[in-house]
Amino acid sequence: MIPTDRMAAVDANAAALGVPRKQLMESSGNAVAREVRAVADPGATVALVCGRGNNGGDALVAARFLTEYAVRVHLLGRPETIRTDIARENWAALENAAVPRETVTDSRDLDLNAPDGDDPDVVVDAMLGSGISGGLREPERTAAAAINASDATVIAVDVPSGIDADTGDPTGGPGGVAVDADRVVTFHDETPGLAALDAAVTVADIGIPAAAERYTGPGDLLGLDRDPDSHKGDNGEVLVVGGGPYTGAPTLSALAALRAGADLARVACPESIADAVQGFSPNLIVRPLPGDRVGSSHADRVASLAAENDVVVLGPGLGDGDGTREFVREFLTAYEGRAVVDADALRVVPEADTDADLICTPHQGELVGMGGETAPEPDERAELVREFAADLGHVLLVKGAVDVVADADGVRLNRTGNPGMTVGGTGDVLAGTVGALAAVADPFRAAAVGAYVVGRAGDAAADANGAGLVATDLPDRLPEAMRNE
Ligand SMILES: NC(=O)C1=CN([C@@H]2O[C@H](COP(=O)(O)OP(=O)(O)OC[C@H]3O[C@@H](n4cnc5c(N)ncnc54)[C@H](O)[C@@H]3O)[C@@H](O)[C@H]2O)[C@H](O)CC1
Ligand SMILES: [K+]
């Protein structure tokens, strides 16, 4: 089962892997034609009712594959108003091949009957698919009623038009108009709503590479765009808790959080380094904690700071001094929000009794220190990490040449990045980036997208600086790395 928005991401990842949408449409259309052949003998009449998006495009392709049938294509609207290039190209191909077709500008004129006046044997509903929003509007609304009035076997492409593929409910609300399909041919994987329908569902493999789902790609960035009406704070407030023996680590995390889109980044660090952290950038808000190490006496203060933020990034530069582990344990016991846990804070997680939602970002050595197992081969490592994530009840992002992101339910691998990123501080950039993303996306997605974009920023930094790249090269490259094109 794959929700519609995830399908759009996988689709874009497939395009980045060299399998563009038009190629997928060709396979989808072929699958629709196969479904027609399964229910009707050659010579039968087939009416294809096509919308102007890619759902319609699938049926325009199918028409080309159904040469042994009496096919008639009904396009709802003028060809110039077809919404995508690939659907328009497939309309042009039908035109060039003189496949029987008509354009319907007023759906009250839609006549599904064969030229002899008989009902068609099969009607293909390709009006609307995953691009639908709200209840069916005209001309699709009246056309849906015409399809439902026919005695033909109705095959819906992807999802019956007017049905929400994720819920199975009418998009127009209870009682909303929708096509009543006998069969549905859907692509790649079934969306959750189709199981609720009284229709036979065929899932067709359309040649999307498995890697488009398993590996991160540009499609994973879809839907992260900022709401144009958002206000300060809506895009995330991140608290970095760290520093003491190190100054740069919490600073890098906080700067990365800002570049990854957070509205505010606060740093809670020992007062001994507060001026130094502030000195790096006026964009940071520094909250000094008495002394030169973070310890358990700070747990209450940090808890109240955490309550003002959407996400906490715990660990960068914290060190493993006396009292630091106790601090982390006490903080996690009381905290119930989202946190990214990195560096020396990681080893406390397995023994912590916490209701927080954690994203742990160990490298393989730290993973083993937490009690997890690793393996050289990425797929084997992925399974081990998934099992350990399930035991912990948290998301794991295990850094490596191939990063593994896992929770109890799934795994995503990331292969952006380069050997130059083994330099100190890149992990702090990653933790801050994931922190910012966790304010606007679920923890698993935040981890997967964070790994992807930091690797991309690192690749851009390596282009400029080769093996001499340093962690401070990365944050400024994040905005470009997060652009979804
Ligand atoms: N995802 C994939 O990998 C593949 C999907 N295929 C097929 O493409 C459709 C989705 O296509 P898309 O162009 O995004 O959307 P639609 O065709 O569903 O709709 C487009 C169009 O419709 C208008 N619209 C929206 N809501 C309404 C409404 N309530 N009433 C009337 N009109 C509406 C709006 O203007 C949209 O622009 C997917 O389902 C698959 O069939 C590929 O071919 C294979 C790969
Ligand atoms: K449809």
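Counting starts at 1 for both ligands and their atoms, in listed order. Side chains included, hydrogens not; waters and symmetry mates left out as well; all remaining heavy atoms used. In this text, all values refer to a predicted model and were calculated from it rather than measured experimentally.
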For this session: Within a distance under 4.0 Å of any heavy atom of M25, pick out the atoms of ligand 1 and give their elements.
Result: 43 (O)
Exercise. So which heavy atom in the protein is nearest atom 18 (O) of ligand 1, and how far is it from that ligand atom?
Worked result: G129 N, 2.6 Å
Exercise. Out of G131, G57, A9, A8, whose heavy atom is nearest to atom 16 (P) of ligand 1?
Worked result: G131
Exercise. Could an N or O of ligand 1 be found under 3.5 Å from any N or O of M127, whether backbone or side chain?
Worked result: no
Exercise. Looking only at N/O atoms, are S133 and ligand 1 under 3.5 Å apart anywhere?
Worked result: yes
Exercise. Side chain to side chain contact (heavy atoms under 4.5 Å, CB included) with V449: which of V434, T433, D220, N414?
Worked result: D220
Problem set entry | Subset of ligand 1 atoms that lie under 4.0 Å from at least one heavy atom of G135 | 28 (C), 29 (N), 30 (N)
Problem set entry | Smallest separation among heavy atoms of V124 and A59, with atom names | CG1-CB, 4.3 Å
For this session: Decide whether D182 and T153 meet the rule of one side-chain donor and one side-chain acceptor closer than 3.5 Å.
Result: no
For this session: For N55, take its heavy atoms, then give the atoms of ligand 1 lying under 4.0 Å from any of them.
Result: 8 (O), 9 (C), 11 (O), 17 (O), 39 (O), 41 (O)
Problem set entry | Those atoms of ligand 1 less than 4.0 Å from some heavy atom in G53 | 13 (O), 17 (O), 20 (C)
Problem set entry | N54 side chain to T84 side chain, donor-acceptor N/O pair below 3.5 angstrom | yes
Seminar exercise, completed: Which of V123, L110, T103 passes side chain to side chain contact (heavy atoms under 4.5 Å, CB included) with H74? It is L110
Exercise. Going by atom types alone, do T191 and D166 pair a side-chain donor with an acceptor below 3.5 Å?
Worked result: no
Exercise. Of all the heavy atoms in G51, does at least one lie under 4.0 Å from an atom in ligand 1?
Worked result: no
Exercise. Looking only at distance, does G56 have an N or O less than 3.5 Å from an N or O of ligand 1?
Worked result: no
Seminar exercise, completed: Nearest non-hydrogen protein atom to atom 13 (O) of ligand 1, with distance, is N54 N, 2.9 Å
Exercise. Where is the nearest protein heavy atom to atom 27 (C) of ligand 1: which residue, which atom, and how far?
Worked result: R137 NH2, 3.4 Å
Exercise. Taking atom types as modelled, is there a side-chain donor on T81 or R52 under 3.5 Å from an acceptor on the other?
Worked result: yes
Exercise. Which one holds for L128 and ligand 1: side chain close, backbone close, both close, or neither close, with close meaning a heavy atom under 4.0 Å?
Worked result: both
Exercise. With a 3.5 Å cut-off and no angle check, do the side chains of S150 and D119 form a donor-acceptor pair?
Worked result: no
Exercise. Looking at Y215, is R415 sitting on its ring face, NZ or CZ under 6.0 Å from the six-membered ring centre and within 45 degrees of the normal?
Worked result: yes
Exercise. Does some side-chain heavy atom of V340 sit less than 4.5 Å from a side-chain heavy atom of V312?
Worked result: no
Exercise. What atoms of ligand 1 come closer than 4.0 angstrom to any heavy atom of F187?
Worked result: 41 (O)
Exercise. How close do A256 and V429 get, heavy atom to heavy atom, and via which atoms?
Worked result: CB-O, 3.4 Å
For this session: Identify the protein heavy atom lying closest to atom 42 (C) of ligand 1, giving its residue, its atom name and the separation to 0.1 Å.
Result: D58 OD1, 3.4 Å
For this session: Just need the protein heavy atom nearest to atom 21 (C) of ligand 1, so name the residue and atom and give the distance.
Result: R83 NH1, 3.9 Å
Exercise. Is there an N/O/S atom in V179 at a distance below 3.4 Å from the K ion (ligand 2)?
Worked result: no
Exercise. In D125, what N, O or S atom is nearest to the K ion (ligand 2), if we give its atom name?
Worked result: O
Problem set entry | Residue and atom name of the nearest protein heavy atom (relative to atom 4 (C) of ligand 1), distance in Å to one decimal | R21 NE, 3.5 Å
Seminar exercise, completed: Vertex the K ion (ligand 2), ends S161/OG and L128/O: angle to nearest 10° comes to 70°
Exercise. Should the pair R456-D459 be classified as a salt bridge under the 4.0 Å nitrogen-to-oxygen rule?
Worked result: no
Exercise. What angle, in degrees and rounded to 10°, do you get at the K ion (ligand 2) when you join it to OD1 of N55 and to O of V157?
Worked result: 80°
Problem set entry | Protein contact to atom 10 (C) of ligand 1 [nearest heavy atom, distance to 0.1 Å] | S130 OG, 3.2 Å
For this session: Would you please determine whether G134 falls within less than 4.0 Å of ligand 1 on a heavy-atom basis?
Result: yes
For this session: Provide, to 0.1 Å, the distance between atom 39 (O) of ligand 1 and the closest protein heavy atom, together with that atom's residue and name.
Result: D158 OD2, 2.4 Å
Problem set entry | Backbone or side-chain N or O of I208 under 3.5 Å from ligand 1 N or O | no
Exercise. Looking at ligand 1, does S28 have a heavy atom less than 4.0 Å from it?
Worked result: yes
Problem set entry | Among R21, R6, K22, salt bridge (Lys or Arg N to Asp or Glu O under 4.0 Å) partner for D11 | R21
Seminar exercise, completed: For T186 and V201, the nearest pair of non-hydrogen atoms, with its separation, is CG2-CG1, 4.1 Å
Exercise. Do D342 and L314 pass the side-chain contact (heavy atoms from CB on, under 4.5 Å) test, and can you show the C-alpha distance, the side-chain angles, and the key distance before you say yes or no?
Worked result: CA-CA 6 Å; D342 192 33; L314 186 63; over 6 Å; no
